[in-house]
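These values consider heavy atoms only, across backbone and side chains, with no hydrogens, waters or symmetry-generated copies.
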Amino acid sequence: MANENVLTKPYRSNEMVGGVNNGGNRVFLYATGLDREDLEKPFIGIVNSWNEMNPGHKHLRELSQAVREGILAEGGTPFEFNTISICDGITEGHKGMCYVLPSRDVITDSIELIVEAQRLDGLVFLCSCDKIVPGMAMACARLNLPSVMVTGGPMLAGKFQGKTIAGGYIVREAARKLINGEMSVAEYEQMEKSVCMGPGSCPSMETANTMCTVMESIGLSLPGSGTTHAVYTEKLRQARQSGRLVMKLVKENIRPKDYVTIENFKNAIAVDMAVGGSTNSLIHLTAIAREFGIKLTPEMFDEISKKTPHLANVMPSGKYTMLDLDEAGGSVAVVAELGEKHLNLDVKAVTGQTWREIIKGRNSQNTDVIRTLDNPLHEEGSIAILKGSLAPEGACIKQSAVSPEMMAHRGPAKVYETEEAVIEAIHQGEVQSGDVVVLRYEGPKGGPGMREMLAATTQIMGYGLGTSVALVTDGRFSGATRGPCIGHVTPEAAVGGPIALVENGDMINIDIPNRILDLEVSPEVLAERRQRLVLREQPESSSYLYRYSKSVGSVWEGAVLK
């Protein structure tokens, strides 16, 4: 037959370029400089989130080149495309933070659009920071193509006046010293320039590094890669290896849903608790699991946290940096220390190995950085789930970063409806020792966008209130947050949750060991308040945020769009 030599291949991309009827499609690929030999190979998407305004992503073009080399070496045709990546660090404390969590779903959707439209056969995802990592993991699950994630790695920590600084939160907390004249402008500027020493995600166990670490346990990135630093040549080798690996997965038709189970997620939660992970992981792990068809609950997180010791002595819940953690053996050594007492070691990593195989001979090289099970930093994991009359569906706190004297606290409410109002109240001396600051209408719908409250929490710490004042919000927190800060209160104020009914002076009882968050107001009084409750109207200042607020669900469902 005349058409017997027309291009055809045994991959999904054949739908786009194979056969007589797709000659018109091939025309446009030839226009990019490809030849027939290139079209016959598997089409591998390199999903890059490079962004020169984001230090965590500024170096990803170099990693992309290494991924490309791995794909080419194994007989694939790489196609790089980009998606957005917002830096949380530069969006704190202003309207820009409203857009950060909503960007996660845009990332997922944008990847789906191009991958499905252009019928790619396999994917390598390049990402580093807070919402980009989970957004890409959600796309990985949704598309269920042979895939590998390459995380960009932490940045090196800086030093100021002889002390290690492992995150911008230290500078934010120091602002009071500048205001009070305890630090000069020149010293403060020097401090600002001493924190971030180059490309990579923030150098402590904040949200970005939490999510990069748990990607290994879920089975989406190379074991050990989450703590390999951005500037290390090992990161380039990992990127190249990931390019080779995705070709193996494509040829063997191995897809994420073939091996990622609920046991992977239970392992990921346990590792999260052991490394002192961010409360943001509760939202993201739930959303990623949902794309895998797996349901995670607040009770599951709390049950695992109660059984899992906090082992990684890393800032902001400990004293060391991500580099110290990596040199002590990294995430793999944490898994090895947890062992089969706390993990299912028979689940598989993206490499096809079981974790039992991976951890052989990979013990902690520094038992003060990665503590042993018989000498943990804390007996329980980093996060606790609280419930009670103020949070019937749940709330969360990073208990590993709370001082012992604030593990239980009862105090009068000081109620505010924006983060800016809280900051001003602290500056004016309105917030006093013993208070419970209630910050509402900052949830997914109410914000809209569920801002991180880092600007407020760092003021509490900077003004010396971290051992006497608690903050309770339906918003969320940066992974850098320290102190008695309770977030994710649900139902949120915007849907009429109990937090919308709190008034100044109401007593609030916080009992972290017993997992209690109670508003000490009688049901009769609350019922009367509800009768006259008028929910705050959301201004339509942004078309996207307005649509987001109408579609977003509860944080305990992953704050995904319905």
Counting C-beta onward and ignoring hydrogens, is there a side-chain heavy-atom pair between [X] and [Y] closer than 4.5 Å?
| X | Y | answer |
| --- | --- | --- |
| Leu323 | His229 | yes |
| Val231 | Met197 | no |
| Asn51 | Ile84 | no |
| Val246 | Leu123 | no |

Atom [atom1] of [X]: over 12 foreign heavy atoms under 6.0 Å:
| X | atom1 | value |
| --- | --- | --- |
| Glu62 | CD | no |
| Lys348 | NZ | no |
| Lys193 | NZ | no |

Could you measure the distance from the [atom1] atom of [X] to the [atom2] atom of [Y]? Nearest 0.5 Å is fine.
| X | Y | atom1 | atom2 | answer |
| --- | --- | --- | --- | --- |
| Glu216 | Ser221 | CD | OG | 5.0 Å |
| Ile46 | Leu60 | CD1 | CG | 12.0 Å |
| Asp130 | Asn280 | CG | CG | 6.5 Å |

Got a donor-acceptor contact below 3.5 angstrom from the [X] side chain to the [Y] backbone?
| X | Y | answer |
| --- | --- | --- |
| Thr210 | Glu206 | yes |
| Tyr544 | Pro102 | yes |
| Arg12 | Asp121 | no |
| Asn25 | Met16 | yes |
| Arg26 | Val17 | yes |
| Asp302 | Ile385 | yes |
| Ser110 | Val106 | yes |
| Lys398 | Gly276 | yes |
| Ser49 | Leu126 | yes |
| Ser147 | Cys140 | no |

Salt bridge [X]-[Y], side-chain N to carboxylate O under 4.0 Å:
| X | Y | value |
| --- | --- | --- |
| Glu116 | Arg119 | yes |
| Glu291 | Arg142 | yes |
| Glu173 | Arg482 | yes |
| Arg172 | Glu92 | no |
| Lys58 | Glu52 | no |

Going by atom types alone, do [X] and [Y] pair a side-chain donor with an acceptor below 3.5 Å?
| X | Y | result |
| --- | --- | --- |
| Ser317 | Ser400 | yes |
| Asn22 | Glu15 | no |
| Thr286 | Glu557 | no |
| Ser64 | Glu80 | yes |

TODO: I would like to know whether Arg362 and Glu357 meet salt bridge (Lys or Arg N to Asp or Glu O under 4.0 Å); could you show each step before the answer?
DONE: CA-CA 10 Å; Arg362 300 289 296 274; Glu357 295 170 320; over 6 Å; no
TODO: Identify, with sequence neighbours excluded, every residue that meets side-chain hydrogen bond (donor to acceptor under 3.5 Å, both in side chains) alongside Glu234.
DONE: Arg237
Open item on the list: My understanding is that only residues two or more places apart in sequence, or in another chain, count here; which of them pass side-chain hydrogen bond (donor to acceptor under 3.5 Å, both in side chains) with Glu340?
Closed with: Arg356
Quick one: closest heavy-atom pair of [X] and [Y], and the distance?
| X | Y | result |
| --- | --- | --- |
| Thr481 | Ala401 | O-CB, 4.0 Å |
| Thr372 | Glu337 | CA-OE2, 3.3 Å |
| Ala349 | Ile358 | CB-CD1, 3.6 Å |
| Ser281 | Ile383 | OG-CD1, 4.0 Å |
| Pro444 | Val555 | CG-CG1, 3.8 Å |
| Ser217 | Val271 | OG-CG2, 3.5 Å |

TODO: Mind running side chain to side chain donor-acceptor pair (under 3.5 Å) on Trp556 and Thr490 for me, showing each step along the way?
DONE: CA-CA 8 Å; Trp556 297 115; Thr490 49; 2.8 Å; yes
- [ ] Go through Lys319 and Asp368 one step at a time and tell me if the salt bridge (Lys or Arg N to Asp or Glu O under 4.0 Å) criterion holds.
- [x] CA-CA 10 Å; Lys319 65 179 182 179; Asp368 194 39; 3.4 Å; yes
Open item on the list: Please identify which of these residues, Asn313, Val275, Leu325, Val314, meets the side chain to side chain contact (heavy atoms under 4.5 Å, CB included) condition with Ile370.
Closed with: Leu325
Task: Ring centers of Phe43, Tyr11 separated by less than 6.0 Å - done: no
TODO: Before giving the answer on salt bridge (Lys or Arg N to Asp or Glu O under 4.0 Å), spell out for Glu40 and Lys9 the whole-Å C-alpha distance, their side-chain angles and the decisive distance to 0.1 Å.
DONE: CA-CA 6 Å; Glu40 291 173 344; Lys9 57 181 179 178; over 6 Å; no
